[in-house]
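Report on the following structure.
Just so you know, these numbers come straight off a predicted model, no measurement behind them. Quick note on labels: first sequence line is chain A, next is B, and so on, each numbered from 1.
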Amino acid sequence: MDIFLTNTATRKKELFAPLNPDDVRMYVCGPTVYDRAHLGNARPVIVFDVLYRLLRHVYGEGHVTYVRNFTDVDDKINARAAESGRTIGEITAETTQWFLDDMGAVGALEPDHMPRATQYIPQMVAMIGDLIAKGHAYAAEGHVLFSVDSYAEYGRLSGRSVDDMIAGARVEVAPYKRHPMDFVLWKPSSDDQPGWESPWGRGRPGWHIECSAMAFELLGESFDIHGGGNDLMFPHHENEIAQSCCAHPGGGFAKVWLHNEMLQVEGKKMSKSLGNFFTVRDLLDQGVPGEVIRFVMLSTHYRKPMDWTEQKAKEASRTLLKWRKLVQDVVAAPMPAPAVLETLCDDLNTAGAIAAMHELASQGALPELKASAQMLGLLGDDMGDWVERPGQLLDAWSQRLTQARELAMQTKDFAELDRLKATLVDVGVSVQMSKEGVVLAAGPEVDLAKLEDLT
RNA sequence: GGCGGGUUGGCGGAGAGGUUACGCAGCGGAUUGCAAAUCCGUGUAGACCGGUUCGAUUCCGGUACCCGCCUCCA
């Protein structure tokens, strides 16, 4: 089965040909752990989770290595520690676990390796030393800087020329830089900042070097896929390429670069000032199931901006509810439907795959629907709690309504029955009364708290 | 200023140079104590201007508008 992916490096959709089909290797940039993951953070996690699942399906479970890092040394973390009075270790440990919990809630499998930057400081120091030795970096005033002039390809991934970037630069250039675009590999730490001994004094790594060092340690000097949000294209990925390709000439670093587009909320960029900023945990706490978040994320192609709206969440939960009902007692087919698989293989077209699944549902191909959904990390038993949860509450109501209805059928007075029904409908319960009896189901927008309060 | 992306029907959102996308909503019907659900049927597209072509919403060029990045950011 051929997989096609749009490679940012070539701007083309290409046939994916792994360097080694027995060990397909993928690196995705993970979070800097200083706070809860916001909704935008979840997009690449979910997108690359689907790619991971697809690669495992095509090449075999034991033949894919997926690495996603935690950046646990960063000035944002230092700032958070300073303002909260907590230690850096506490903050990063807590935030790391939050991330894993929240991403687990949206159905993401854990990568094979989740390296922490602080565990790879010696490797970074070694790589920086090597870059200096090869003439690609220089020490200045306690800093070590990468020399962009030493790497002719600098700017190629993001399609920028060094000259253009200087022209558009809006930041002041540090005096110790030989070239305005030179970026920091190592910087000095004051006593109250985290730091490690190095040939250039006590200090800490710059932002980009951790990914280069960890990718090399875990995946080697060349590997198949490197992914992340497209805001990372420049400077982060550009700098990673420069560091890695100069440290390991001939390795080539990542063959395929994948970038997901950004997330918006109700048509606007998510930002604290607009008041539309929220974390994955916020949504989960509001009762939006992780499976619904996942479905919404997958209903837009990863290379297009994705707009998070309440309307989409509502529609997603309706669809999932319908599908879950359909496949409840169905054994999944051994393989996903070919149409779904082919669509996914075409540049990870998850939106198209969902459309194909709608067709499976309407054709009654339920085992295939279930298998296909599970390929996307949907309709799994592990994520279905939100559908079952209201069941117990509804059982009592179901009896009560059945009795009321029997009475009403005899007396021809439906007033009390209608009142009960309206009460339930009001809190989001769907009420179906047919010849076979009364069937209650929690609708997508059921308000459990209100339901509990009803008497 | 530089770089990149987008513009599809009421809404969301895909693919394909020529044949129904799909979902939601709508409309008509069946069904129902009333409904819901379900089933059957059904309508509405591809920013604008050129070009290539027998034929373009789909390829190419231009215009307009929108968005992202260039500073920490997924």
Residue list, salt bridge (Lys or Arg N to Asp or Glu O under 4.0 Å) with [X], at least two apart or on another chain:
{"X": "A:Glu153", "answer": "A:Arg156"}
{"X": "A:Lys312", "answer": "none"}
{"X": "A:Glu238", "answer": "none"}
{"X": "A:Asp49", "answer": "A:Arg53, A:Arg294"}

Separation of the [atom1] atoms in [N] and [M], to the nearest angstrom:
{"N": "B:C48", "M": "B:G6", "atom1": "C1'", "result": "15 Å"}
{"N": "B:U7", "M": "B:U42", "atom1": "C1'", "result": "29 Å"}
{"N": "B:A21", "M": "B:G10", "atom1": "P", "result": "15 Å"}
{"N": "B:C59", "M": "B:U19", "atom1": "P", "result": "15 Å"}
{"N": "B:G18", "M": "B:G4", "atom1": "P", "result": "29 Å"}
{"N": "B:U58", "M": "B:G46", "atom1": "C1'", "result": "9 Å"}
{"N": "B:U38", "M": "B:U20", "atom1": "P", "result": "25 Å"}
{"N": "B:G51", "M": "B:G1", "atom1": "C1'", "result": "31 Å"}

Starting at the 5' end of RNA chain B, which residue's closest nucleotide do you reach first, A:Cys29 or A:Gly159?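 It is A:Gly159, whose closest nucleotide lies nearer the 5' terminus.
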Without swapping roles, check the side chain of A:Ser244 against the backbone of A:Ile241 for a donor-acceptor pair under 3.5 Å.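 Checked: no pair found.
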Is the count of non-hydrogen atoms from other residues, nucleotides or ligands lying under 6.0 Å from A:Gln119 atom CD greater than 12?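 Yes.
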Could you state the atom-to-atom distance from [atom1] of [X] to [atom2] of [N] in whole Å?
{"X": "A:Glu238", "N": "B:G4", "atom1": "CD", "atom2": "C1'", "value": "13 Å"}
{"X": "A:Phe234", "N": "B:U71", "atom1": "CZ", "atom2": "P", "value": "6 Å"}
{"X": "A:His237", "N": "B:C69", "atom1": "NE2", "atom2": "P", "value": "15 Å"}
{"X": "A:Phe183", "N": "B:C70", "atom1": "CZ", "atom2": "P", "value": "16 Å"}
{"X": "A:Lys314", "N": "B:A25", "atom1": "NZ", "atom2": "P", "value": "12 Å"}
{"X": "A:Lys12", "N": "B:G4", "atom1": "NZ", "atom2": "P", "value": "14 Å"}

Does any donor atom in the side chain of [X] or [Y] lie under 3.5 Å from an acceptor atom in the other side chain?
{"X": "A:Glu406", "Y": "A:Gln410", "answer": "no"}
{"X": "A:Asp149", "Y": "A:Tyr154", "answer": "no"}
{"X": "A:Asp112", "Y": "A:Thr65", "answer": "no"}

Kindly list each side-chain donor-acceptor pair under 3.5 angstrom involving residues 282-290 of chain A, sequence neighbours excluded, with atom names and distances?
residue: A:Asp282; atom: OD1; partner: A:Thr279; partner atom: OG1; Å: 3.3
residue: A:Asp282; atom: OD2; partner: A:Thr279; partner atom: N; Å: 2.9
residue: A:Asp282; atom: OD2; partner: A:Thr279; partner atom: OG1; Å: 3.2

Hey, what's the ring geometry for A:His237 with A:Trp257, parallel, tilted or perpendicular (30° and 60° as the breaks)?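 Ring orientation, 0 to 90° scale: tilted.
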Please state whether the rings of A:Phe253 and A:Phe223 are parallel, tilted or perpendicular, taking 30° and 60° as the class boundaries.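 Correct class here is perpendicular.
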For A:Phe295, what residues pass the side-chain contact (heavy atoms from CB on, under 4.5 Å) criterion, not counting sequence neighbours?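 So A:Phe295 forms a side-chain contact (heavy atoms from CB on, under 4.5 Å) with A:Ala316, A:Thr319, A:Leu320, A:Trp323, A:Ile354, A:Leu378.
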Identify whether any heavy atom of A:Leu263 sits under 4.0 Å from a base atom; if not, whether one sits that close to sugar-phosphate; answer base, sugar-phosphate or nothing.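 Base contact.
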Of all of residues 223-231 of chain A, which get a heavy atom below 4.0 angstrom from RNA chain B, listed by number?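 Correct list: A:Gly228, A:Gly229, A:Asp231.
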Which residues pass the ring pair (Phe, Tyr, Trp, His ring centres under 6.0 Å) test with A:Tyr302, not counting sequence neighbours?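 A:Tyr302 satisfies ring pair (Phe, Tyr, Trp, His ring centres under 6.0 Å) with no residue once adjacent residues are dropped.
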Any salt bridge (charged side-chain N to carboxylate O under 4.0 Å, His left out) pairs touching residues 87-96 of chain A, not counting sequence neighbours?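 Every pair satisfying salt bridge (charged side-chain N to carboxylate O under 4.0 Å, His left out) with a residue in residues 87-96 of chain A: A:Arg86-A:Glu90, A:Arg86-A:Glu94.
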Side-chain-base donor-acceptor pair under 3.5 Å for A:His259 and B:A74: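 Donor-acceptor pair under 3.5 Å: no.
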In B:G46, glycosidic geometry as syn within 90° of 0 or anti otherwise: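 Here the answer is syn: the torsion falls within 90° of 0.
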Which ranges of RNA chain B pair up as stems, where a stem means three or more consecutive Watson-Crick or G-U pairs with both distances under 3.5 Å?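 Runs of three or more consecutive pairs: B:1-7 with B:64-70, B:10-12 with B:22-24, B:26-30 with B:38-42, B:47-51 with B:59-63.
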Using a 4.0 Å heavy-atom cut-off, write out nucleotides 5-19 of chain B from 5' to 3' as B (base contacted by protein), S (sugar-phosphate only) or - (no contact). --S----SSSS----
Nucleic acid footprint by protein, nucleotides 32-40 of chain B - heavy-atom cut-off 4.0 Å, B for base, S for sugar-phosphate alone: SBBBBSS--
